[in-house]
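Reminder, nothing fancy here: chain letters follow the sequence lines and each chain counts from 1.
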Amino acid sequence: MPEIIVEPGVQVSVTEDENARVNVFFGDNTSLALLAQQGAEMARDGAEDARDAAEGFAAEAEATSALVYAALGASVIPASITEETGAFVLQSGGVFEGGYYSDFATANDVEYTSLYARIVDGSGSAMVTVLVDSVPVYGPVEVTDAAAINITGLSIPVDAGSDLVFVFTDVSAGVTAIVSKMKGSFV
Amino acid sequence: MSLATYANPGAAPLAFNPVYVDSGAGSDANNGLTPTTPKQTLAAASALLADGSHLILKRGSTWYEGVNLTALSNVTLAAYGTGEAPIIDGSAEIPETWTQPDAGTYPNLWQVSHTHVLNNNQSQLPVMKNGVQLVKKASDADVNSTAGSYSSVSDELLASNNPAIIKIYSTVDPNSDGNVYSVPVRMDVLTNAYGATSGLTVSGIQTQSQGSNDGSAIFGDDSTVKQSIFRNGHKHNALIESGSMTDFAVIDATDAGGIGVVLYSPDGAGKSGTFRRGMFMGRIGQTAAINCNGLYAHTSGTQHDSLTVEQCYFKGYGGALTGIASLGTFDGCYIHNCPLFSVNTPTTVIRYMSGRVDEYGGNAAAFETVGTHSISNSAVYSSVSGQEHIRLSEAHTGVTFTNNSFFDEIGGSRIIIGGVSTAPITFDHCVFWGSQQLPIAFNNSPPMTADFNVYYKAENFGSTNVAMDYGGSNRASLALWQAATGADANSVYCRPVDQVAGGANAFWLAWAEAPALTDLETVGPAVGDFRINPNARVYSGAEVAYIGTFADGTTLITTAGQQMHWDWNARQAVAGSNEVWPIVPETLADAQTYIAAPRDWEFYP
């Protein structure tokens with residue numbers, strides 16, 4: 001699991017493992033309550049990182065096995081490497097509408113096949129749109145506080161080097177935290 | 001996994017101001033801000049745009065109006081919903097007032113009087129039926145007997161000929177047959193005028209029947225265009241000042257002198273153009289190269305800093321590229337039945353190119369070039385008489401060939417013709433295969449640096465001798481060629497009499513499509529492989545045969561060098577020469593399938 005160091009007022013990058021990355025940004029008006037909330041979120045993210053790192057190691061093992069199988073001429077190749085990316089926005093005064101980078105200059109060609117979105121805190125609804133290099137490639141789709149959405153069966157190719165942005169629009173005033181992710185595999 | 005977390009950020013998020021437009025279900029009374037409340041017309045939608053806006057077009061829609069974004073910057077055009085990519089059409093429908101001028105003599109001839117928009121730069125008035133241009137005929141009799149044809153009193157769009165009398169072929173009443181007949185008008189289908197910074201992004205749309213001279217789909221400086229189709233341009237399909245175009249198709253430039261894509265800037269300093277996986281198609285169904293060009297890069301001032309063309313396909317143009325006025329790199333392109341012109345080019349690097357001339361004659365050399373060029377790891381095949389693989393212009397200033405294969409199956413084709421230029425020529429590790437004509441012919445005597453090449457000429461000049469022109473004189477053997485040029489000390493030639501199908505001397509294989517060499521296709525490592533068989537018997541200038549070796553008896557002969565080619569599926573250069581031609585989306589339907597999901601298109605299925 002990557003080490004997390006938080007110093008309020010500065011941007012902290014804790015990326016150590018390409019399979020687990022968290023970028024945290026703090027504004028100048030960070031309150032203690034918000035810090036506590038953010039700490040809780042990061043703890044949860046850390047847990048997710050641990051899980052993701054394990055998944056990453058498993059994926060690497062799969063990839064290594066694939067190379068071995070390929071070298072041996074085997075006809076059965078393990079499943080491809082999965083990739084998951086997303087954006088989590090927490091703003092106690094209400095989520096600002098607009099686009100949030102999930103990935104800047106993606107490292108691999110990926111085909112995303114599912115989209116997940118959930119209003120983590122607050123009440124109301126929001127529309128989610130996914131942009132690749134500023135072009136809308138999916139959405140808008142509505143998510144409400146009643147239930148998360150998990151749309152599968154998608155085919156959203158993202159070339160290496162692309163910018164990936166999640167856009168939240170029509171956000172109800174009561175929505176203070178929202179997350180959206182996509183999951184896919186390397187191509 | 002990567003998860004970006006934003007907690008009370010000090011900076012505002014990225015702006016996203018979409019405007020949705022749907023020609024079918026939309027209404028200009030809607031606010032246009034959501035997919036469920038789209039505008040209907042582009043005029044109403046574009047009125048809502050500001051710098052950085054997204055204009056999002058409903059798939060399956062068609063608009064007969066343009067979009068003018070000249071005053072805006074960083075606008076994005078994209079598509080939403082399902083169905084065919086949205087179409088912006090520049091044509092004007094011809095009113096359904098068709099009559100038969102002489103039903104007795106010409107029962108299939110219908111005419112209409114059409115008042116058209118005068119256009120200073122438009123020299124013809126093509127007529128389209130359901131978006132497909134009809135074939136022009138000169139007389140009433142011709143139109144009456146030719147399905148899919150039209151004529152007009154004059155195609156010169158002068159005031160004195162307005163309105164024009166347009167005549168078409170139809171076996172039924174065109175007023176009620178459900179078909180739409182139209183002509184292009186001078187309307188910019190999509191304009192983000194050059195000469196100003198624009199940052200336009202265009203993805204997943206189609207434009208057609210443009211009526212502007214300068215390229216009706218105009219993309220300004222620093223534009224990004226992808227997964228889009230531009231067709232039936234009159235006379236161009238698209239113009240971009242600088243930026244990139246990726247996974248796109250330009251189809252059916254209609255005018256003589258028309259161009260698929262123009263890269264143009266009044267001042268190209270600090271600017272570049274990049275074109276990747278673009279399909280430049282001349283008129284679909286055309287049986288001869290047409291007098292227009294695929295990509296025309298030029299400037300009226302300072303040239304662009306660079307031009308990059310990667311994995312692009314050119315077919316059926318009079319010239320694949322022309323007017324290239326900037327430093328250029330061409331990687332992995334496929335030039336089919338049209339020459340790669342390169343005019344006024346200071347320096348060009350051509351790598352991994354496949355050239356193919358196999359359908360029709362005309363001016364279809366693979367290269368016709370001036371300037372200084374490096375051409376490597378490329379292969380050119382011709383099965384049409386009279387076509388040169390490479391035609392070096394009199395004005396070239398030096399060309400280097402490395403690791404190339406030139407294969408002339410039918411004959412009548414000289415591989416290289418040099419003009420009067422005495423600029424230096426370099427060949428290195430190349431294969432020249434001429435079936436009937438001279439493998440190489442220089443009318444002049446350029447300084448030669450050549451070695452480790454393989455020359456072959458199958459017929460007409462005796463059964464044993466290679467013959468090549470140097471200084472306008474035939475050099476009937478490799479020894480004479482070496483003496484004249486002072487080059488090719490380690491090069492070899494192969495004798496036709498030694499080429500026995502299935503034997504060790506059958507030293508290479510033809511392209512898979514080469515019917516005359518079918519009997520050789522079972523020989524060697526792979527069907528269609530262009531490389532030399534290492535077990536082949538080749539001959540030095542002293543008529544000494546070596547099997548798979550040079551004179552030292554141990555070193556393998558050249559295998560056309562370490563030939564490589566561009567793998568379109570892998571999107572990278574791979575070892576080995578081309579074995580099959582890539583299958584590219586040549587038709588409109590294929591292009592539409594391709595742009596919808598470029599990664600799903602298998603170039604080598």
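For A:Val137, no part sits under 4.5 Å from any heavy atom of chain B, backbone or side chain. Heavy atoms of B:Ala597 lying under 4.5 Å from chain A are absent altogether. Contact annotation for A:Glu111: neither backbone nor side-chain heavy atoms come within less than 4.5 Å of a heavy atom of chain B. If you measure heavy-atom distances from A:Leu164 to chain B, you find no contacts under 4.5 Å at all. For A:Val110, no part lies near chain B; criterion is any non-hydrogen pair under 4.5 Å. With a 4.5 angstrom heavy-atom cutoff, A:Thr129 touches chain B only via side-chain atoms. When heavy atoms are compared at a cutoff of 4.5 Å, A:Ser134 approaches chain B by way of both its backbone and its side chain. Residue A:Val95 does not touch chain B at all, counting heavy-atom pairs closer than 4.5 Å.
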Derivation of the side-chain hydrogen bond (donor to acceptor under 3.5 Å, both in side chains) call for B:Asp222 and B:Ser242: CA-CA 5 Å; B:Asp222 194 25; B:Ser242 70; 5.5 Å; no
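With respect to A:Ile149, the side-chain contact (heavy atoms from CB on, under 4.5 Å) criterion is satisfied by exactly one of A:Val141, A:Ile119, A:Val128: A:Val141. For the side-chain contact (heavy atoms from CB on, under 4.5 Å) with B:Asp247, the qualifying choice from B:Gln311, B:Arg277, B:Arg599 is B:Arg277, the only one to do so.
Side chains of B:Ser244 and B:Thr246: a donor-acceptor N/O pair is absent below 3.5 angstrom, by distance only. Looking only at atom types and distance, the side chain of B:Asn31 has a donor-acceptor partner in the side chain of B:Thr37 under 3.5 Å away.
Below 30°, between 30° and 60°, or above 60°: for A:Tyr100 and A:Phe168 the angle between ring planes is between 30° and 60°, a tilted geometry.
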